[in-house]
Amino acid sequence: MMSVEDEVIVIGAGIAGRMAALAAARRGASVRVISHKESTLAHASGLIDILGYHEDDPVSSPYATIKKLPPGHPYSHVGSDGVRTAMDCFDRVTTSYCGGHTDSNALVPTIGGRLKPTARYPESVAPGLASRPVDTLLIGFETMPDFHAPATALTLERIGVPFDVRGETIRFPVELRPDAGRTRLARALATDEPVDGGGCRSALAARIAPVLGDAGRVGLPAVLGDGTTDGIRESLADHLGVAVFEIPTGPPSLLGHRLKAELTDALQAAAVRIETGNPVVGHNATDNRIDAVLVQRSGDAVPYAADRFVLATGGLVGRGLRADRTTVTEPIFNCHISHPSDRYDWSEPEAFGDHHFARFGVRIDEFFRPLEDSGAPTFRNLHAAGAVLGGADPAAEKSASGISIATGYHAGRVAAEGAT
Amino acid sequence: MTREQYVKPTTDEPPGRRDLRPGADSCYKCSTCDVHCPVAEVDGDFPGPKFQGPEQWRLRRKEGSLIDPSISACSNCMRCDAACPAEVPLSQQHNTARAAYVDESVPRWSRTYWRNKLLANYGRLARFGALTPRLSNLLMSNRALRWGLARLLGITEQRSFPRFTPQTFRSWWQERGGAAIEHPEKRIAYFHGDYANYNTPAVGKALVRVFEHYGYEVAVPEQRCSGTPMFANGMLADAARAAQVNVESFSELVEAGYDVICSCTSCSMALRQEYPELFGLDGIETLADHTYEAMEYLRIHEDLQADLSEARHDRASLAYHAPCHARNQGLAGQPIELFAAVEGIDVTDVGESCSGISGTYGWKTERYDTSMAIGEEMFEEMEAAPGETGLTECPTCAMQMEHGTGYPVRHPLELVADALLDDSA
Ligand SMILES: Cc1cc2nc3c(=O)[nH]c(=O)nc-3n(C[C@H](O)[C@H](O)[C@H](O)COP(=O)(O)OP(=O)(O)OC[C@H]3O[C@@H](n4cnc5c(N)ncnc54)[C@H](O)[C@@H]3O)c2cc1C
């Protein structure tokens with residue numbers, strides 16, 4: 001039978017699964033990641049929030065505020081110092097992230113004209129931080145209707161940013177259909193595609209220059225290249241004589257995509273094997289120990305054996321949790337998910353209300369092991385991390401990636417320590 | 001969710017009036033598919049898979065609306081399937097939209113129709129070509145003929161046609177008297193497809209030798225093209241005819257206890273996913289459930305990994321490209337893992353990029369530049385990797401790799417055979 005056998009198997013290749021795999025591999029374990037599909041990294045803004053809001057107020061010191069979170073919150077199993085250790089690992093394995101020099105949140109302008117309190121941001125975003133009082137020009141493109149630079153500038157002005165901000169919409173120098181994909185713009189800039197005898201970068205700068213005015217920096221939506229952005233930002237900045245930065249976008253997000261690529265490189269360097277394309281559909285267990293997870297391949301459910309397993313399959317969006325009209329389930333191990341029996345209690349009437357569904361998920365003990373309703377661990381060698389965990393409302397708290405990194409890292413660590 | 005549920009209607013209304021399909025409705029427009037689409041990245045006119053799938057499907061609900069012509073710029077690489085976090089059956093929607101487009105908007109007398117028909121039915125032509133391989137090879141490399149094909153039909157002159165082999169795989173198989181080994185349980189039916197038969201029989205022979213080495217009884221039943229180039233050209237009726245032959249022929253063996261093994265990852269993709277998604281034929285689900293790629297099967301049922309780690313091979317450095325279709329079947333890392341253990345073989349993964357040829361796509365004059373632009377990243381990575389030989393499971397990716405770098409390209413099964421077996425018969 002299947003010769004595949006590892007010390008640690010991580011299910012799910014989102015940010016939680018990737019951090020778990022890295023943490024386990026760094027402790028010497030042989031690690032395999034099995035993921036059905038792409039993760040939510042391609043949706044995510046690319047910002048790493050640890051804790052942006054607490055009881056509806058913006059947070060400036062996430063580590064200090066974590067201590068105020070209620071028991072049962074995923075951070076409560078990690079603790080403030082534990083989050084710090086995990087973030088240190090994140091900082092070491094990524095190459096283009098900033099923010100690790102301070103414990104305070106940075107304020108990043110978003111395409112919606114808000115300021116987002118966040119803990120880590122790509123270096124291409126750094127020159128745009130709201131704490132830098134530099135007059136700002138925002139540039140949008142006609143072919144990117146979801147970012148309207150003048151409206152964004154107006155919103156930022158209204159919330160009182162400490163600098164002047166203007167927005168202009170221009171035409172991208174390459175001929176494009178009205179709703180061309182972001183990757184198309186990114187590719188044109190990355191390859192400095194020829195336009196009118198010159199390169200696309202200088203042509204873009206030439207279109208920005210006439211509207212630059214007194215601005216000391218220029219912000220563009222995050223389409224500056226499909227890989228690392230350095231060359232492009234620098235050449236635009238050279239042409240314009242001012243700093244150039246990227247504004248994180250909603251999905252699809254190239255910043256999230258680049259983060260995924262960075263983590264993939266780190267996984268490769270750590271000799272972690274990643275297998276995507278087939279879902280884990282079940283498990284074999286003896287007593288309360290998992291022997292293998294079952295991967296669907298044609299009509300076969302192929303067992304993949306390991307000593308320890310990390311469940312990092314995401315929440316309702318990543319498909320780690322499934323909901324129908326009566327129940328919410330975790331489909332691989334059938335971990336217990338507590339939820340009101342009446343479906344109408346799952347949500348609140350207000351769009352941004354205190355929804356119950358936002359907190360759905362697996363509950364864990366101090367070893368990150370999913371718990372039964374009774375409070376006993378479901379399996380001795382199963383650990384869970386990321387959005388599959390319940391007990392927090394990451395969208396309201398702005399804590400999603402922080403929770404995934406912290407619980408992922410420590411679940412991976414515990415798995416490797418238990419396995420070796 | 002099973003494949004079946006994708007296409008099952010959620011209402012009891014009669015087919016013409018159904019307005020809900022779980023596939024289209026489960027798209028929440030995150031656009032992750034668009035980010036992973038290699039065509040959208042280089043072609044500013046291509047609206048991307050989300051439009052081609054759920055959005056075209058919805059626009060079609062309005063009576064009298066036509067499928068947008070941009071569907072024919074989709075290369076059917078199926079990366080969108082792997083990207084979608086919501087399990088929207090994008091490639092299925094693209095295949096059906098493309099077929100509808102060809103039906104309603106591509107005139108039967110047009111050059112495009114005949115060119116696509118010709119490319120899609122490559123296997124039929126190959127049958128004649130293979131009767132007189134030397135003459136065919138001579139003809140296919142004839143400048144004047146190539147010029148004519150380019151002008152008349154729009155088949156690019158930039159590429160050289162694959163060469164026909166002096167002896168097809170099937171004729172070799174017959175000559176050797178069929179299976180050399182009998183076994184009451186370990187039995188496989190080989191789906192070689194057209195390419196291994198007419199152009200690269202060495203791959204088929206390697207497969208037979210490796211499976212016989214492991215004690216399997218091999219059958220090589222009657223078969224036609226898997227249909228992949230037909231789906232990709234919107235020729236669904238042609239594909240349905242080919243599928244019918246294949247399903248009938250292989251189902252019989254599946255019932256007798258055989259599993260179906262492919263050496264081409266687009267063939268296994270067709271049998272596993274596209275057949276049950278597109279056609280309602282008896283036995284088609286069972287066939288899908290019994291279809292595997294060759295090395296995948298040996299990893300499940302034999303200890304291929306351990307055997308390879310004791311094997312030795314002449315020193316070889318190869319640049320491996322995982323075909324998109326292999327990636328979707330969870331096979332992308334397989335050769336890397338398998339060969340890492342073999343003494344003498346050094347394989348470098350050239351990364352996640354698409355080769356860009358997508359079967360017949362890169363053969364069309366109007367797609368050639370797009371195809372090469374997509375392939376650029378792969379060419380660069382191949383050149384940066386040690387060695388000057390390529391490695392891949394897909395015959396058309398292999399064409400593209402060779403075309404872009406000049407490297408010869410091998411199939412992993414050939415390496416497995418070389419490493420495991422001493423004789424080179
Ligand atoms: C639109 C959006 C914007 C966001 N913006 C931010 C932001 O600004 N700041 C921030 O900090 N965070 C943000 N996030 C959150 C963050 O990016 C992650 O979504 C979150 O941390 C959850 O990550 P995860 O790894 O737990 O799960 P996911 O990313 O959901 O990954 C789960 C993985 O598991 C796989 N999987 C599921 N089931 C199976 C199975 N049965 N077998 C095998 N594999 C399986 C899936 O295919 C997927 O790859 C955002 C998320 C979204 C969706």
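Being a predicted model, the structure only gives us computed values, none of them experimental. Every chain is numbered from 1 and lettered A, B, ... according to where its sequence line falls, protein lines coming before strand lines.
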Colleague: What pair of heavy atoms forms the shortest contact from Arg184(A) to Glu41(B), and how long is it?
Modeller: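 For Arg184(A) and Glu41(B), the tightest heavy-atom pair comes out as CD-O, 3.4 Å.
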Colleague: Sub-3.5 Å donor-acceptor pair from the side chain of Arg297(A) to the main-chain atoms of Gly330(B), do we have one?
Modeller: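 Flag set: sc Arg297(A) to bb Gly330(B) pair under 3.5 Å.
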Colleague: Do Asn278(A) side-chain atoms and Gln329(B) backbone N/O form a donor-acceptor pair below 3.5 Å?
Modeller: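 Side chain of Asn278(A) to backbone of Gln329(B), a donor-acceptor pair under 3.5 Å: yes, one is there.
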Colleague: Using every non-hydrogen atom in the two residues, find where Gly44(B) and Arg177(A) come nearest and quote the distance to one decimal.
Modeller: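 Shortest heavy-atom separation between Gly44(B) and Arg177(A) comes out as O-CG, 2.9 Å.
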Colleague: Where on Val317(A) is there a heavy atom nearer than 4.5 Å to chain B: the side chain, the backbone, both, or neither?
Modeller: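 The answer is both parts of Val317(A).
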Colleague: Does any heavy atom of chain A fall under 4.5 Å from the side chain of Gln334(B), the backbone, both, or neither of them?
Modeller: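 Neither the backbone nor the side chain of Gln334(B) comes within 4.5 Å of chain A.
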Colleague: Taking side chain as everything from C-beta outward and backbone as N, CA, C, O, which of these in Cys84(B) sits under 4.5 Å from a heavy atom of chain A? Side chain, backbone, both or neither.
Modeller: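 Only the backbone of Cys84(B) comes within 4.5 Å of chain A.
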Colleague: Answer yes or no: does atom CD of Glu142(A) have more than 12 heavy-atom neighbours from other residues, nucleotides or ligands under 6.0 Å?
Modeller: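 For Glu142(A), atom CD is crowded (more than 12 foreign heavy atoms under 6.0 Å).
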Colleague: Give a yes or no on whether a salt bridge exists between Glu38(A) and Arg79(B), defined as a side-chain N under 4.0 angstrom from a carboxylate O.
Modeller: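 Salt bridge: no.
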Colleague: Is Ala332(B) close to chain A through its backbone or its side chain, or both, or neither, when contacts mean heavy atoms under 4.5 Å?
Modeller: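 Contact with chain A: none, neither part.
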Colleague: Do His301(B) and Asp300(A) touch side chain to side chain, with heavy atoms closer than 4.5 Å?
Modeller: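 Yes; the side chains approach each other to less than 4.5 Å.
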Colleague: Is the shortest side-chain heavy-atom distance between His43(A) and Pro85(B) below 4.5 Å?
Modeller: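 SC-SC contact between His43(A) and Pro85(B) confirmed.
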Colleague: If you count heavy-atom pairs under 4.5 Å with chain B, which of Gly318(A), Gly277(A), Pro252(A), Ala261(A) comes out on top?
Modeller: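 Max contact count across the listed options: Pro252(A).
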Colleague: Are any side-chain N or O atoms of Lys29(B) and backbone N or O atoms of Pro251(A), one a donor and one an acceptor, separated by less than 3.5 Å?
Modeller: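 No; zero donor-acceptor contacts below 3.5 Å.
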Colleague: Is it the side chain or the backbone of Arg273(A) that comes within 4.5 Å of chain B heavy atoms, both, or neither?
Modeller: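 For Arg273(A), side-chain heavy atoms alone lie under 4.5 Å from chain B.
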Colleague: What verdict does the salt bridge (Lys or Arg N to Asp or Glu O under 4.0 Å) test give for Arg319(A) and Glu87(B), after you've listed the backbone C-alpha separation in whole Å, the side-chain angles of each residue and the deciding distance to 0.1 Å?
Modeller: CA-CA 9 Å; Arg319(A) 303 250 146 178; Glu87(B) 299 173 344; 3.6 Å; yes
Colleague: Any donor and acceptor pair, going by atom type alone, linking the side chain of Ser298(A) with main-chain N or O of Thr291(B) inside 3.5 Å?
Modeller: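 The answer is yes, because a donor-acceptor pair under 3.5 Å joins these two groups.
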Colleague: Can you tell me how far the CZ atom of Arg187(A) sits from the CD atom of Glu376(B), to the nearest 0.5 Å?
Modeller: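 Arg187(A) atom CZ to Glu376(B) atom CD measures 5.5 Å (nearest 0.5 Å).
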Colleague: Given a strict heavy-atom distance threshold of 4.5 Å, which part of Asp259(B) is in contact with chain A: side chain, backbone, both, or neither?
Modeller: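 No part of it gets close to chain A.
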Colleague: Flag yes if more than 12 heavy atoms outside Glu330(A) fall under 6.0 Å of its CD atom; otherwise flag no.
Modeller: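 Counting other residues, nucleotides and ligands, CD of Glu330(A) exceeds 12 neighbours.
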Colleague: Given the options Ala83(B), Gly48(B), Gly333(B), which has more heavy-atom pairs under 4.5 Å with chain A than any of the others?
Modeller: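 Option with the greatest count: Ala83(B).
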Colleague: Below 4.5 Å from any heavy atom of chain B, which atoms of Ile274(A) appear? Answer side chain, backbone, both or neither.
Modeller: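 Contact with chain B: none, neither part.
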Colleague: With a 4.5 angstrom heavy-atom cut-off, which part of Phe51(B) approaches chain A: side chain, backbone, both or neither?
Modeller: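 No part of it gets close to chain A.
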Colleague: Name the region of Ala373(B), side chain, backbone, both or neither, that has any atom closer than 4.5 Å to a heavy atom of chain A.
Modeller: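 For Ala373(B), heavy atoms of backbone and side chain both lie under 4.5 Å from chain A.
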Colleague: Starting from the C-alpha separation in whole Å, work towards a yes-or-no answer on salt bridge (Lys or Arg N to Asp or Glu O under 4.0 Å) for Arg32(A) and Glu337(B).
Modeller: CA-CA 11 Å; Arg32(A) 179 181 302 271; Glu337(B) 240 178 86; 2.9 Å; yes
Colleague: Are there over 12 heavy-atom neighbours, none belonging to Asp324(A), within less than 6.0 Å of that residue's CG?
Modeller: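 Count over threshold, so yes.
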Colleague: Parallel, tilted or perpendicular: which fits the ring planes of His36(B) and His257(A), with parallel below 30° and perpendicular above 60°?
Modeller: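 His36(B) and His257(A): perpendicular rings.
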Colleague: To the closest 0.5 Å, what do you measure between CG (Leu176(A)) and CG (Asp45(B))?
Modeller: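 The CG atom of Leu176(A) sits 8.5 Å away from the CG atom of Asp45(B).
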Colleague: Would you sort out whether Val35(B) and Leu254(A) count as a side chain to side chain contact (heavy atoms under 4.5 Å, CB included), showing the intermediate values?
Modeller: CA-CA 8 Å; Val35(B) 180; Leu254(A) 297 190; 4.1 Å; yes
Colleague: Among Pro47(B), Cys33(B), Ala40(B), which residue has the highest count of heavy-atom pairs closer than 4.5 Å to chain A?
Modeller: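 So the answer, after comparing Pro47(B), Cys33(B), Ala40(B), is Pro47(B).
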